[in-house]
Structure formats: C-alpha cells, structure tokens
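Encoded as structure tokens, the structure appears first; notes follow it.
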Amino acid sequence: MTEITGFNMLLSILLPTIAAPICYFGGRKFGRVGNGIFATFILVISTGLLLASWNRVSSGEKVIESYGVWVGLFKLNVAFLHDNLSFPISILISGIAMLAAVYSIAYMTHEHDQEMYFAALLLFTAGMVGVVLASNLILFYLFWEMMLVPSYFLIAYWGTGRPRIIGFKYFMFTHAGAASLLAGILLTYAYTATFDLLGLPNLLSSISPGMLRIIMVLMSIGFAVKLAIFPVHTWLPDAHAEAPTPISVLLSGVMIKTGAYAIVRMSITLFPSESVKVSYGLSVLAVITMLWGGFMALAQTDIKRLLAYSSVSQVGYILFGLMSLNSLGVGGGLFHIVNHGVAKGLLFMCAGAIIYSTGIRDINKLGGLASKMPLTAVATLCGALSIAGTPPFGGFASEWMIFAGGFASGNTVLSSLAIAATMVTVAYYLRMIKKVFFGVCPESLSDVKEAPSSMLLPMAILTFLTVIFGIFAFAPLQILYPAGEAVTRLIVRG
Amino acid sequence: MFPYSEYAPWLVWLIPLAGSVLVPLVALVNTRLRDWFAVVTSFVGAAYSLSMIPQVLDLHGGVADLKVPWIPQIGLQVGVLIDSLSVFMSIVASCIGSLIMLYSIGYMAHEEGLTRYYFFMLFFIGGMNGLVMADNFLQLFIFWEIVGLCSYALIGFWYRKESAARAGIKAFIVTKAGDVLLLIGVLILFIQTGSFNFLNTKDAVEAGKLATSILMTSSILVFGGAIGKSAQFPLQVWLPDAMEGPTTVSALIHAATMVKAGVYLTARTFFIFSSIHEWLMIVIYIGSVTALMTATMALVSVDIKRVLAYSTISQLGLMITALGVGSEAGWFASQFHVMSHALFKALLFLCAGSVMHAVGTTDMREMGGLRRHMPITFATSVVGVLALSGVPPFNGFWSKDLIVAAVLHERLYLPLILIFLTSLCTAAYSFRWLALVFFGKQPNSGKGAHPHESPLVMTVPLMILAAAATISGFFEEPFSEYLGLKHGVGIQMAPLTLSLLALLLGFIPSYMVYFSGSMSPIFFRRGPLESIHKLLSQGYYFDRIYYAIFLDSFPRLCICIYNQIENRIIDRINYAVAGAAQFLSQSFRPTHTGNLNYNISAVLIGLAGFFILIMVIVGW
Amino acid sequence: MIPINYYLATAIILYAVGMYCLAAKRNMIKLIIAIEILTSAANLNMISISSHAKPGAVDPLGHVFVVMSIVIGACVVAVALTIALYAYKHYGTLDVRELRRLRW
Amino acid sequence: MFTWPINLLVIFAITTPLVYTLGVKASIKKLVDVWAVIGFILSAISFYPLYLKVSSEKVLIHYWVGIQFRGVALFEIDMLSIFMAGLFIFIGLLTAIYSTRYMEHDTRHGEYYALLLLMVSGMVGVAFAGDFFTLFIFWEVMCLTSYVLVAFRKEQWEPIEAGFKYLVMSSAGSATMLFAMSILYGIVGSLNFAYMHKALSESVTPWSMISLALIVVGFGVKAAVTPFHTWLPDAHPAAPSSISAMLSGVVIKTGVYGLIRVMMLLFTPESYHWHTAIAILAVLSMTTGNLMALLQSDLKRLLAFSSIGHIGYIIFGLSIATVYGLTGSLFHVLNHALGKALLFLCSGAFLLAAGTRDLNQLAGIGRKMKITGFTFIVGSLALAGVPPLNGFQSEFMLVLAGLQVGASRNLWYLFSALMLINILFSVGYYLRIIQVVTLHEPSESVSRVKEAPKPMLFSMVLIAILCILIGIYPGPFVNLANQAAQSVLSVESFVKLIIH
C-alpha cells in the first residue's frame with residue numbers, strides 16, 4: 001500500500017505548483033517573456049511526464065502511482081491514477097494549458113502583474129491535472145477546489161467588464177456545487193468508510209438504494225454546476241466571456257470538462273444502477289442545455305460571450321452522450337470532451353487574436369477581416385465547423401457517436417432534437433463568421449494586422465488537431481473508447 | 001494501362017483531396033503554376049475515374065466492396081463500393097468537374113483569392129467523388145457535409161459582397177436541415193442493423209430485421225437529406241441564391257456535383273427502400289411537385305443564371321420522380337437523365353458564364369442579339385437549349401422520354417400530368433432564355449456595349465460539352481448494359497407523343513412572345529395574370545416565409561428570451577439570492593443593539609432556554 | 001442550626017438579584033455591584049455547603065476556595081472600577097446605555 | 001511549581017516590568033520586547049519534554065502546591081491539554097514577535113508584555129487544570145489580564161466601551177460558573193474532576209442538570225457561543241490587533257476547551273444527553289456569526305463575527321461527541337486559531353500602514369503590501385474552507401462526523417447540512433474581503449503605504465505557510481488532534497489515576 005511506485009504523475013502536478021512561486025518571485029527578473037517561456041517550459045515537462053504512461057495505458061493497464069499515507073485517520077493514501085479515462089484528459093489539459101501559456105506571452109503584453117498571472121496559470125493547470133489524476137475522493141475534491149482558487153483570481157484580477165462581481169459569481173456558483181459534491185463524498189465515507197475510488201464500487205452495494213440515490217444526486221449536482229448544465233449555467237457566460245482570453249481557453253476548453261470527467265468517473269462508475277434511473281431525466285436536461293445555449297448564442301453580439309454560450313450548448317452534447325450509458329455514447333461523449341476542448345480553445349484564441357488586433361469585441365462593429373487576418377479566419381472557420389459537427393473535423397467524429405449512442409439507448413426523439421440542435425450551432429457560428437470576417441471592412445479597421453506569431457502558433461497547432469482528430473479519429477478513440485466500454489460494462493439495465 | 005489503376009476507386013477522391021491541400025503550398029511557388037496544378041490534378045482524377053469502367057464491366061452488374069479499417073474500436077471501416085452507379089456518378093463528377101476547372105483558368109483569371117478558389121474547387125470534386133464511392137452511410141455523410149462545406153465557401157467566394165455571404169450561409173443552413181434528417185435516418189438504421197454499410201443494410205432489410213415503422217421512418221428521413229441537397233420542395237430556396245457565386249461554381253454545383261448527390265443518394269438507397277410503398281409515394285410526389293413548381297418559376301425569372309437554377313431544380317425533380325416510380329425502368333431513366341442533365345446543364349451554365357463574361361451583367365433584359373458577337377457561345381447554347389427542352393435527337397429528349405415512359409407504365413397519372421406540364425414549361429422557358437439572350441436587339445446599356453467571344457480556354461469546354469450533349473442520347477443501350485440492367489429499351493408511341501406534345505405546347509407561346517413578337521410579354525404581367533406572375537416571381541413566397549420565420553422572428557425571439565428570461569429571470573435569481581442574503585443579514589443586525597442590559601438578558605434567556613431544552617430531552 | 005436549604009435559597013435569590021441588576025440597571029457602578037452580588041451568591045453557597053458537609057465539621061476546601069474567590073473578586077472590581085472611571089472620562093456619564101457606539 | 005512552561009511564563013511576566021525599567025534607563029528600547037519573546041521561546045522549549053512525557057504516559061499528574069490535598073490544586077495533563085497549551089504558547093510566541101514592531105508607537109511596554117505573558121500562562125493553566133479550584137484561579141488570571149489588554153489603549157473611547165462590556169459579561173459568566181462549581185461541590189463534596197465524574201455519572205439529579213446549564217453558560221460566555229457572544233464583536237476589534245489575534249485565535253478556545261473537558265468528563269453524554277441542545281447552540285452560533293459578518297464594513301469586526309461562526313463549527317463537533325467529531329473539532333480549533341490569528345495580524349498590519357479598519361478605505365491595500373496581501377488571501381481562504389488550505393481539512397471532518405453520526409441520530413443530517421450551508425454562506429464575506437483588500441484599485445487612503453516590517457511579516461508568513469502545509473499534508477496534525485480526542489474519550493484512564 002505504502003510502496004512508492006514512480007513519480008511521473010506526482011511531478012507533473014508538483015512541478016507547476018513549485019514553479020508558481022518561482023514565477024511569482026522571479027517575475028521581475030524574468031520579465032513577461034521570460035516568465036511565459038518558463039511557464040511553457042514547465043508545462044512541456046509536465047505534459048511529457050504525463051505522456052510517460054502512454055504505453056501502459058494504451059495496452060489497457062491501470063497505472064497507479066502511490067506515495068504513501070496522507071491522512072492515517074481516514075486511511076487516506078496519496079496516489080494518482082492513469083487509465084484510459086484519465087490519461088487522455090490529463091494530456092488534453094496540460095497540452096492546452098501549454099498552448100495557452102505560449103499564447104499568453106503576447107496576449108498579456110498590455111496587462112499588469114504578469115508574473116502573478118503566470119503563477120496563477122501554473123497553479124490552475126496543476127489543479128486541473130490533479131482532479132483528473134486523483135485516485136481518492138478527498139484528493140479529488142482538494143484539486144477540484146484548487147483549480148477554482150487560481151482561476152477565480154485570474155478572472156477577478158485580469159478580467160474585463162465587471163470582473164469582481166463576475167469572479168464572485170463564478171466562485172460562489174462553483175463552490176456551492178462543490179459543497180454539494182462534498183456532502184456526497186462525505187456521505188459515501190460515512191457508509192463505506194473509504195474514500196478510495198478504486199475500492200469503492202464493491203462497497204457501495206451495501207448501501208440502501210435510497211441513500212445511494214441521494215449521494216449520487218448530490219455529487220452530480222456538483223458536477224453539473226461545473227459543467228454548467230441548464231439552469232445552473234449562468235456563471236459560465238459571464239466568467240468565460242470576461243476572463244482574459246488564454247484563461248477563457250482553459251476554462252471553456254478544459255476546466256468545465258472536469259465535470260464531465262467526474263460524471264463518468266463517479267456518477268456512472270460508482271452508481272451504475274442509479275445512473276440508469278436518472279439517465280433519462282439528465283438526457284432531457286442535456287437537450288434543453290444544448291438548445292438553450294444555442295439560442296442564447298444566437299442572441300449575442302459579444303464575440304466571447306457567444307463562444308461562452310456555445311460552450312453551454314456543447315456541454316449539453318457531452319452530457320447527452322454520457323447519459324446514453326452505452327459504449328458508443330459514452331465513448332463519443334469522452335471524445336467530444338477532447339474535440340470540444342481543442343476546438344473551443346482554438347475559437348477563444350481566435351477571438352483573442354481579433355480582440356488583440358482590433359480592440360473590438362462587438363461582432364456588429366467588425367467586418368471584412370478575412371483579408372486582413374486570413375490565418376485567424378481559417379482557424380475560426382475550422383474551429384467553428386468542428387464544433388458544429390461538420391466533417392471532416394473532429395467535432396463530427398464525436399458528435400455522431402453521441403447521437404448514435406442516444407438512438408441506441410432508445411431516446412429517439414431526444415437524439416433527433418440533439419441532431420437538430422446542430423442547425424442552431426451552425427447558424428450562430430456562420431452568423432459570427434459572416435459578421436467578423438465577411439462583408440465590408442470598416443474604415444477604422446483598415447490597418448489591422450494579423451496577431452503576432454507567438455499567438456498564431458498555438459492556433460495553428462489546434463487547427464491542425466481539429467482536422468487530425470476528425471480524419472484519424474481512431475487514434476484518440478483507441479484510448480477513449482475502451483474507457484467508455486469499461487464504464488458501460490458496469491451498467492445493468494433492468 | 002494506367003499506373004495504379006487497381007487503386008482507382010480510392011485515388012479518384014484522394015487525388016483531388018490531396019491536390020487541394022497542396023494548392024496553398026504550390027501557390028507559394030507561383031500563382032500560374034497553382035492554376036494549372038489544380039487543373040491537371042482534376043484531370044488526373046477524371047482519368048482515374050474513367051479507368052474504373054473496365055473494372056465495372058468485369059463485375060457484370062455485380063458489386064465490389066473494398067474496405068480498410070478506420071475506427072476499429074467501433075468496427076468502422078472506410079470502404080469504396082464499386083458498381084456501375086458509383087463509377088458512373090464519379091465519372092460525371094470528375095469529368096465535368098475537370099472541364100469546369102479548365103474553363104476557370106480563363107473565366108477566373110482576374111479574380112482575387114484564387115488559392116481559396118482552387119482549393120475548394122478541388123476539394124469539392126474530391127468530396128463528390130468520395131461521396132459516390134463511399135460504401136457506407138457514415139462515409140457518405142462525411143463527404144456529403146464536405147460537399148456542403150465547399151459549396152458554402154464557394155458560393156460565398158466574393159465574401160465582401162453582402163448578398164454572396166448571405167447566400168453561402170443560406171445554402172449551408174438549408175442543406176443542413178436536410179442533413180439533420182439524413183443523419184437521424186442513418187443513425188436509426190445503424191442502430192437497428194449494426195452497420196453503416198449499404199450492402200449490410202440491404203441484407204438486413206431484406207431479411208426483415210427491421211420493424212416496418214422504423215424502416216419507413218428512417219427511409220423517409222434519409223430521403224430528407226436528398227431533399228435538402230437536391231433542393232427539392234420545400235427546401236428548394238437555397239439553390240437560386242447560390243447563383244451569387246462565380247458561374248463556374250454554379251456549373252459545378254448544379255451540373256456535376258452537389259445537387260446530384262441527392263439523386264445519387266436516392267438511387268443508392270432505392271434498392272434498400274424500394275419495397276416501401278409510402279417511401280415511393282413521397283419520393284414521386286415531392287419530385288414531380290418540385291419539377292412543376294420550379295419550372296413555372298423559371299418562366300418569369302429575368303436573371304440569366306436564375307433561370308438555369310430553377311431549371312436545374314426542375315430537372316432534379318424529374319429525376320427524383322423517375323426514381324419514385326419504383327421500377328427498374330424508372331431507376332434507369334433517372335440515371336440516364338442524370339447524365340444528360342450533367343452535360344447540357346454544364347454546357348448551359350458555361351455558356352451563361354461566357355455571356356456574362358462578355359456583357360458584364362446577369363440581367364437578361366439588358367442582353368439581346370448576342371448571336372452575332374459570340375457565335376460559338378450561341379451555337380453551343382442552342383444545343384444546350386434543345387437538349388434541355390427535349391428536342392430530338394439531343395440527349396434530353398431521350399432521357400425525358402424514358403422518364404415519361406416509366407411513369408406511364410406504372411399508370412401514375414397524377415405525376416404524369418405534373419411532369420407533362422413541367423416539360424411544357426421547360427420548353428417555354430428554355431426558348432425564352434435563348435431568345436432573350438441571343439435574339440432580338442441589343443439594348444444600349446453601357447456595360448455590355450462591346451461584347452466579344454470568349455477565349456479558347458473557355459470555348460473548348462463548351463464545344464466538348466455540346467458535342468457530348470448531341471450524341472450521348474444515342475448511348476442508351478450501352479449505358480443500360482453498363483448499368484447491368486436487363487430491360488430492353490426503345491421508343492414507345494405513347495410517351496413519345498406526350499413528350500413531343502408538351503414540347504410543342506411550350507414552344508408556341510415562347511415563340512409567339514419572344515421570337516416573332518406577335519404577343520407582348522406585358523400581357524403576362526398585367527390583368528388577370530398579374531397575381532400569378534407575382535406569385536411565380538416571388539417563388540411562391542417560400543423565401544419570404546422562411547426569411548420571416550428564421551431570419552427575422554427567430555433571432556428576435558432568441559434575443560427576447562435572452563433579455564427577458566436568461567437575464568431577467570434565471571440570472572436575476574442569482575442576484576436575488578445574493579440580495580436575499582444581504583437582506584437577511586441586514587434585518588438580523590439590529591438584534592445586536594450594543595446595549596449591555598440587553599446582552600445580559602440574552603445570556604439569561606440562553607441559560608433558561610438551554611436548561612429547558614436539556615430537561616425536555618432528558619424527559620423531566 | 002439553620003438547615004442548609006435556607007442558605008441555598010438565599011444563594012439562589014442572591015444570584016437572581018445579581019442577574020436582575022445586570023439586566024435592568026443602567027448605572028455602571030450598580031453593574032459592578034451586581035457582579036459582586038453574583039460572586040457572593042456563589043461564595044455563600046460554597047461556605048454553607050462546606051459547613052454542612054459533615055455534621056459538626058467544616059470542610060476547609062470550601063473556605064480555601066471562597067478566600068481565593070474573594071481575592072479574585074476584589075481584583076475584578078478594581079479593574080472594573082478603573083474602566084468605569086475611564087468610561088466616565090470619555091462619555092461623561094455612568095449610564096451604561098450611553099455606551100452603545102459599538103453595535104451591529 | 002506550575003510545571004516549567006507556566007513557571008517560565010510567570011517568571012518572565014513578573015520580571016518584565018523590571019526589564020522594561022532597565023531598558024528605559026539604559027535606553028535600549030527593544031530590550032523588553034526581546035525579553036518577552038525569549039520568555040515565550042523558553043516556555044515553548046520547556047514544553048517539548050512535557051509533550052514527550054505525556055505522549056508516552058498518556059496522562060500526567062502534578063500537584064502544584066507540592067502536597068496531595070484531596071485531589072485539589074493539581075494539574076492533570078493529557079494530550080488534550082498538551083494540544084491546547086501548545087497552541088496557546090505558539091500563537092502567544094508569534095504574537096509577541098509581531099508586537100515588537102506593532103506596539104512600537106504605544107507606551108507602557110512593560111505592562112503590555114507582562115499582561116500578555118500572564119494571559120498565556122493563565123490559558124496554559126486552564127488547559128492543565130485537573131480540578132475546578134485550579135481551573136478557576138487560572139481562568140480568572142486569564143480573564144483579568146484580557147480585560148486589561150482589551151482596554152489597553154485607555155485614551156480612546158472604543159477600547160474602554162468594549163472593555164467594560166467585556167468585563168461585565170465575562171465576569172457575569174465567571175460568576176455563573178462559580179455558582180455552578182459551588183453546587184457541584186455540594187453534590188460531590190470535592191472539586192476534583194475525577195471524583196466529579198464518578199459522582200455525576202452515577203446519578204442524574206435536577207441539581208446536576210442546573211449546574212450543567214450554568215457551567216455551559218459560564219464557558220459559553222468565554223467561548224462566545226450564541227446567545228452569550230455579544231461582547232465578542234466589541235472586544236476583539238477594540239483591542240490592539242496582536243491582542244485581537246490572541247483573543248480570537250486562542251482565548252475563546254479556552255472556553256471551548258472548558259466545554260469539551262467538562263461536557264465529556266463530568267456530564268458524560270451517555271448520562272446527560274446534551275447532544276441536541278449543544279448542536280442547536282452550535283447551529284445558532286455559526287448562523288449568527290456568518291449572518292452578522294456578511295455586511296460588516298469594519299474589517300476587524302467582520303473577523304470577530306466570523307470567529308463566532310467558527311466557534312459554532314467547533315461546538316458542532318462537540319455535539320457529535322464521537323472520536324471523529326472531537327478530532328474535527330480540535331483540529332478546527334488549531335486551524336481556526338492559525339487562520340484567525342493570521343487575519344487579525346494582517347488587519348493589524350493594514351491598520352498600522354493605512355491607519356484605518358474601514359474596508360472601503362482599505363480597498364486595494366493588498367496590491368501595495370503584496371506579502372501581507374498574499375497572507376491575507378491565504379488566511380481568508382483557509383477560514384472559508386477552501387482546499388487545499390487547512391480550514392477545509394477540519395471542516396470536512398466535522399461534516400463527515402456529523403453525517404456518520406446521522407445514521408443513528410438522524411437530526412445530525414440536518415445539522416450537517418446546515419453547517420455546509422453556513423460554510424458556503426461564509427465564503428461570501430471572505431471573498432468580499434479578499435476582493436476589497438487585494439483586487440480593488442488602491443484607494444487614496446492607501447496610496448502611500450509600505451510593506452509591513454519584518455518581524456510582523458515573519459509571524460504572518462510563518463502562519464500562512466503553516467496554513468498551506470496543514471492543508472496539503474494534514475496527516476501529523478490530524479494525528480495530534482486525534483490523540484487529543486482519544487484522550488478526551490478515554491475517561492477511565494483519566495479518572496483511575498486519582499481514584500484507584
């Protein structure tokens with residue numbers, strides 16, 4: 001139990017954590033660029049360390065690294081877990097964070113206190129990676145909140161608009177969700193006397209079904225808030241729209257996905273019989289979420305707010321996929337986590353590039369930028385179409401699986417509605433692209449230039465990935481699909 | 001014969017797709033090289049598509065299904081299906097596509113953004129080839145969407161023009177509506193049969209694995225995709241607007257590729273669904289209603305390309321009608337018409353492009369008398385018009401005759417009447433088109449004052465297509481053999497009579513109004529016919545209604561919901577909770593009076609309360 | 001010998017009087033006296049109990065305790081009076097209800 | 001005499017005025033400050049062997065009068081005493097270090113440090129006490145010194161008003177406790193805890209019930225349990241910030257200690273069934289504290305109200321009365337002491353730099369005093385129960401214990417839920433102060449402030465690091481709290497040392 005079996009995962013979390021104060025205190029010496037490069041470097045190493053378990057994970061192994069006792073009283077050990085589920089998502093998180101760090105170097109030029117910014121960014125990443133790797137519920141919760149704190153400061157300190165109110169709202173919403181999650185976790189312990197994620201499934205069968213449902217619902221509320229499911233989504237458009245753009249990339253791209261990850265890891269894995277009972281209700285909620293997010297996106301004129309509402313809509317798809325509770329749907333939902341992470345990260349970066357170059361966020365005041373910023377235009381188009389589920393981009397590869405999963409679970413009408421909701425997605429994205437890139441370029445924007453290349457590079461990489469994940473979908477699915485299968489194997493419909 | 005021709009089914013779509021990706025790279029070297037690189041790539045693709053003919057003939061009407069694994073986890077494969085239908089469509093797409101590419105070199109010479117143009121054109125051709133070669137629904141859907149995406153980009157090629165940008169979006173969204181239905185249908189079939197593969201699906205359906213109602217629903221949903229892509233009623237609205245793109249794009253979309261995809265899909269699924277009576281009924285009525293409706297719209301349009309666009313929809317309607325007949329003869333007729341139409345409509349579009357190139361306008365009222373200035377274009381246009389209106393011996397005559405015969409044979413009288421009227425209208429509007437553009441006097445408007453014949457790079461494709469349109473009608477029998485059909489073909493009296501009658505009835509008023517001038521066109525716009533004229537020129541108000549719902553009301557509704565519900569209610573609740581907490585706190589604060597006497601009283605009350613509480617709990 | 005119950009009753013009454021004083025009286029000096037009364041109630045209790053512990057004998061423990069308590073009580077009163085003095089300097093009154101700048 | 005930690009504190013307390021005079025004479029200004037710090041350090045050092053001894057022997061008996069006198073005048077030191085006393089000395093040490101610069105502009109340093117040392121010795125004595133006689137003496141030492149310390153700046157109106165209210169209420173509480181002791185003495189005939197445990201758990205009478213209620217009020221006033229808390233929001237802000245840190249951080253914990261000791265040892269839950277009543281007091285306290293803190297505009301007053309809320313959490317752990325509940329409770333004593341001391345020290349630093357406690361005028365001060373601002377954030381988040389900081393660790397244990405006990409006493413599901421809601425609610429004002437202090441644009445009144453001096457920073461940064469450390473690696477600290485809780489529950493081993 002207490003034998004130490006490697007340090008890769010621990011280091012991948014510790015490195016950014018330790019680097020954060022170095023960034024902060026060394027900030028004045030390094031300068032903005034130095035800080036950015038340092039943060040990127042750290043995140044590259046951390047990603048590399050995470051990638052180390054590739055071979056073992058892809059052969060279906062569970063890689064567990066344990067480091068000994070943490071709190072003896074509760075038999076809590078510190079251990080991290082890499083399996084088919086956590087591995088790809090942890091890579092996604094640290095990868096996107098790495099790109100966001102690169103992107104920040106130029107984007108934060110005009111901002112203050114950059115050394116604090118990069119420190120917070122590193123902590124934020126460490127928190128997110130930790131959530132995914134955690135192998136017991138308390139560690140999970142610890143990281144769950146650890147990612148909240150730096151992101152709160154990132155929003156409230158460098159945000160636009162009314163950052164403090166928005167940050168406050170973000171914090172309170174997520175924290176309320178977390179409190180519900182905590183109640184669920186503690187009830188679990190009260191009945192099973194363990195927090196260990198791997199050991200729990202066997203013990204939970206001894207709990208009465210009523211209590212089991214209460215625990216499951218409490219936990220799922222926490223995840224739903226993080227995922228921003230209707231009607232607890234209202235923090236998301238504010239927070240994601242007003243955060244500094246690289247942080248929007250992380251928030252929308254990966255942070256909300258930890259909710260989806262947790263739903264798979266806990267709500268479904270630990271409570272298979274209960275999740276069957278709530279799956280229909282949650283599917284309905286998912287469809288409402290996707291439609292609602294889509295409709296709201298259609299009403300937006302602020303480019304980042306539009307993207308934020310699009311995220312609301314997309315988490316609806318992810319949830320819908322997960323709640324189909326069959327391997328196609330869950331696999332698709334997990335794959336959509338990746339695809340949406342990449343594409344929405346890309347779109348926020350594009351929006352950031354536009355704001356950086358023009359200083360305007362209102363799409364009605366933009367226009368004709370396609371010739372001024374051709375690369376951004378192409379990247380935006382790719383990202384938008386990927387999210388809208390258009391082949392050959394990654395979004396389609398996952399969305400069809402989600403829909404097929406929906407049909408397979410018998411929710412024909414809901415699935416049809418979900419497919420129809422892609423129309424809305426297409427509509428608001430095409431509207432946005434038309435208003436920003438097409439039409440006549442206003443006089444005031446006549447000398448707009450493409451963003452600096454350090455911002456374009458991450459965008460190029462993500463654009464490339466949207467295409468790759470579409471055409472070579474088998475590569476990510478090789479790892480993600482077995483995860484979906486493993487989860488759904490637990491489901492016994494009755 | 002050809003290097004790697006055994007891989008032709010893959011190469012026909014991989015070569016254009018790969019070529020398209022290379023276009024931006026080649027453009028970095030030299031723009032001239034880029035243009036020719038694109039053209040050569042498309043011709044190589046066409047050559048590979050032609051090289052599949054022997055393979056098909058070897059199959060003797062059978063099917064070859066080649067697969068490689070794609071997503072092994074789900075058991076998905078990428079496959080190509082080689083049979084007469086797919087190869088035929090691929091040939092149509094790539095040959096006509098490559099001619100259009102050649103034509104583009106001249107036509108688009110002076111445009112900006114040609115890298116984008118050639119990229120999407122090649123991607124389009126590749127996508128279309130991939131679509132027809134696909135052996136399963138999912139792959140078909142992927143290419144289906146790629147084609148839609150390309151059409152969006154190409155229609156909106158002149159993105160600075162508001163109308164073009166709008167038209168691109170419209171095309172994409174309207175066809176997407178069909179795609180949604182298609183995807184629903186496909187996924188239902190997938191879930192029910194466990195496979196996307198056409199052949200497996202067919203086997204499953206034949207084995208009766210699917211409940212009738214599910215099969216019916218999914219078949220109709222799949223046809224919904226065809227409705228969107230082939231611009232059938234009620235989703236016909238996008239196609240006329242798609243004329244905002246360059247003429248070459250219109251030719252590519254209308255003649256060779258995208259709109260045929262719907263017909264192809266219907267033809268491809270014909271063997272799976274043809275046993276379902278309801279499906280056939282829907283197909284035939286949608287086809288014939290669309291055919292007549294859009295033909296009447298073509299009668300009044302004054303835009304040189306819009307007439308052709310309406311005509312395209314109408315002809316597609318005929319093809320769909322033929323498929324809806326449900327017999328092998330009908331299926332053959334529709335395919336034959338696909339070929340005829342591809343040839344003559346490409347020809348007509350390119351002629352129109354040539355004309356526009358010369359006069360610089362698209363309004364037919366500003367044209368006239370061009371036959372003297374542009375002899376080649378005129379001659380080829382005449383061939384095109386004759387083929388379109390179905391004058392023997394041009395190819396349109398033969399294929400339409402087959403359709404009429406098929407419908408008549410199955411005694412479907414209502415569709416027969418509809419297509420009879422369609423033919424009538426076709427003759428009328430096609431001659432009107434010819435007359436307005438090439439006959440009469442040239443008006444003295446400024447722009448088109450000195451029209452001239454187009455360069456050779458544009459006229460050569462015209463001539464090739466004209467020649468093909470003239471002679472291809474005689475290849476009915478080889479074509480039938482090629483498709484592996486057994487039924488005998490020949491001219492029957494009844495359909496022949498009907499076709500010729502319709503032609504005559506359509507030609508007479510057109511002649512009277514536009515050639516001889518014995519009737520004034522004013523007659524149709526005034527008096528009792530005024531309202532009908534208006535109805536037709538407004539496209540039966542479909543556009544108006546759709547715009548009113550989806551462009552005006554719907555976004556406004558969204559904004560309204562956003563302002564009223566999202567912001568006023570849901571978001572307000574958050575602030576209400578915060579406010580309630582503050583209020584609670586505020587109203588609680590006066591309990592802390594700061595008065596020492598009260599504080600001591602509170603201690604006493606606490607003492608008493610606690611004492612009573614434990615006494616009660618202990619039970620004294 | 002007076003039965004212990006009388007002492008106990010007196011002690012309780014003293015306690016009640018002290019508490020009443022604290023809750024009702026406004027004068028600071030009276031409040032300080034009230035605290036003394038409260039302490040006296042406890043002291044009385046202690047003394048009477050220690051005298052009745054064994055018939056005829058007195059438990060020294062109670063006495064020790066009471067002596068200690070009286071000493072401490074004196075200290076408290078001293079401190080209290082000092083503070084009251086300063087309060088009078090700042091507020092110009094001995095009315096404790098005027099000392100309510102600190103509230104809410 | 002009183003064991004070395006207390007002896008040293010008392011000796012240094014007595015000698016401080018002399019040293020002060022010496023320092024003034026020799027014009028070595030800092031002499032007395034250094035002297036007091038040395039006193040705390042020596043006390044802490046001498047505390048260590050005591051800790052080792054107790055952790056091996058579990059319970060230690062020490063007669064401080066030198067002779068055995070009917071179980072009176074003795075220290076009975078178990079892990080709980082060690083846990084609390086260690087905390088008292090530690091926070092006292094940090095406060096003393098902090099005071100060396102914070103009290104620079106005040107006079108009467110000799111008096112100040114003597115009182116501080118004496119107050120800590122009183123608290124340690126309370127924690128060590130094995131009978132009511134000892135407890136009462138040290139209790140009053142602590143109370144008296146704290147009255148004077150609150151009213152230390154007698155030239156201002158606020159400390160005087162607060163001091164008087166504090167004095168009246170606290171001595172009323174002490175008198176109530178004394179009254180309860182006299183009744184208990186009548187019932188048992190002794191003042192020793194062990195004898196009392198034996199007598200009280202054998203028979204439950206109305207008299208013992210009355211004395212239970214009286215003693216809860218007595219300790220409750222000190223611990224500031226609602227509705228006995230009304231002195232606290234006045235006294236804590238009015239005192240010098242270093243003393244506020246002591247008062248809010250540890251002095252009120254002596255009340256908690258008294259409650260835990262008396263409730264678990266004398267009025268055993270098995271006989272007196274006070275769980276629900278205490279839980280109701282707990283919920284009342286946390287709700288009142290958090291509600292009142294929400295809208296305060298005075299930073300220190302806000303923190304004072306938040307202390308009441310946290311006392312509610314701690315008492316909630318007592319109401320559970322299982323080993324988990326008490327562990328959580330004691331662990332929260334530690335965490336709240338650290339967090340609240342840190343926050344008061346920070347607010348003192350702000351007060352020193354900007355001259356105001358008004359939140360609106362302090363806006364953005366954290367941007368100017370970055371290190372203080374950072375420690376302030378850490379402290380606030382720790383108390384808000386945000387992981388990975390220490391406050392979370394204990395709060396989750398408390399809720400967990402509540403939920404565990406809920407299976408047998410269903411009401412505790414409700415109480416736990418209320419506690420969770422309270423924690424959530426409290427995040428609102430912690431976040432508010434963080435926002436105001438560190439995120440707002442610096443206001444005019446703080447435009448020229450400078451970072452706090454090094455000794456003050458030392459205390460704050462040390463506590464902040466501890467907050468993070470305990471949050472990340474709570475294992476050893478939980479073990480300490482757990483040992484303390486175990487020793488509270490192992491009543492028999494405590495008793496059998498006196499009654500063989």
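Since this is a predicted model, take the numbers as computed values, not measurements. Naming convention: chains lettered A, B, ... in sequence-line order (proteins, then strands); numbering from 1 in each chain. Both backbone and side-chain heavy atoms feed into the values below; hydrogens, waters and symmetry mates do not.
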Given that the side chain runs from C-beta out, which part of [X] has a heavy atom under 4.5 Å from chain C: side chain, backbone, both or neither?
X: D:W139; value: neither
X: D:L184; value: neither
X: D:A151; value: side chain
X: D:L144; value: side chain
X: D:V168; value: both
X: D:S174; value: neither

Can I get a per-line list of side-chain donor-acceptor pairs under 3.5 Å for residues 36-45 of chain C, giving both atom names and the distance, sequence neighbours left out?
unit_1: C:T39; atom_1: OG1; unit_2: C:I35; atom_2: O; d: 2.8
unit_1: C:S40; atom_1: OG; unit_2: C:E36; atom_2: O; d: 2.6
unit_1: C:N43; atom_1: OD1; unit_2: C:S69; atom_2: OG; d: 2.9
unit_1: C:N45; atom_1: ND2; unit_2: D:S182; atom_2: OG; d: 3.2

When C:L22, C:I47, C:D59 are compared by non-hydrogen pairs under 4.5 Å with chain D, the top option: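 Greatest number of close heavy-atom pairs with chain D: C:D59.
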
Residue selection (most heavy-atom pairs with chain D, distance under 4.5 Å) from C:S48, C:A84, C:A11, C:A34: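 Ranked by contacts with chain D, first place is C:A11.
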
C:S50 and D:Y185: side chain donor to acceptor below 3.5 Å: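 No, no side-chain donor-acceptor contact under 3.5 Å.
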
Over all atoms of both residues, closest heavy-atom pair of C:L99 and D:E161: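 Heavy-atom minimum between the residues: O-OE2, 2.8 Å.
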
Over all atoms of both residues, closest heavy-atom pair of C:I83 and D:L167: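 So the minimum-distance heavy-atom pair works out to CD1-CD1, 4.0 Å.
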
With a 4.5 Å cut-off on heavy-atom pairs, point out which of [options] contacts chain C the most.
options: D:E158, D:M181, D:Q156; answer: D:Q156
options: D:F133, D:F164, D:F136, D:W157; answer: D:W157
options: D:E140, D:R301, D:E155, D:K165; answer: D:R301

Inter-chain contacts: residues 288-299 of chain D against chain C, heavy atoms under 4.5 Å: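 At a heavy-atom separation under 4.5 Å, chain C is reached by D:M292, D:Q296.
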
Residues of residues 187-199 of chain D within contact distance of chain C, non-hydrogen under 4.5 Å: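 Contacts with chain C: D:G189, D:S190, D:L191.
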
Neighbourhood of chain D inside residues 87-97 of chain C, taking heavy atoms under 4.5 Å as contact: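 From residues 87-97 of chain C, the residues near chain D are C:A87, C:H90, C:Y91, C:V96.
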
Separation between CD1 of D:I183 and CD1 of C:I12, rounded to the nearest 0.5 Å: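 One gets 6.5 Å once the value is rounded to the nearest 0.5 Å.
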
Name the region of [X], side chain, backbone, both or neither, that has any atom closer than 4.5 Å to a heavy atom of chain D.
X: C:M28; value: both
X: C:A78; value: neither
X: C:M46; value: both

Validation row, ring centre D:F132 to ring centre C:F65 under 6.0 Å: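 No, the ring centres sit 6.0 Å or more apart.
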
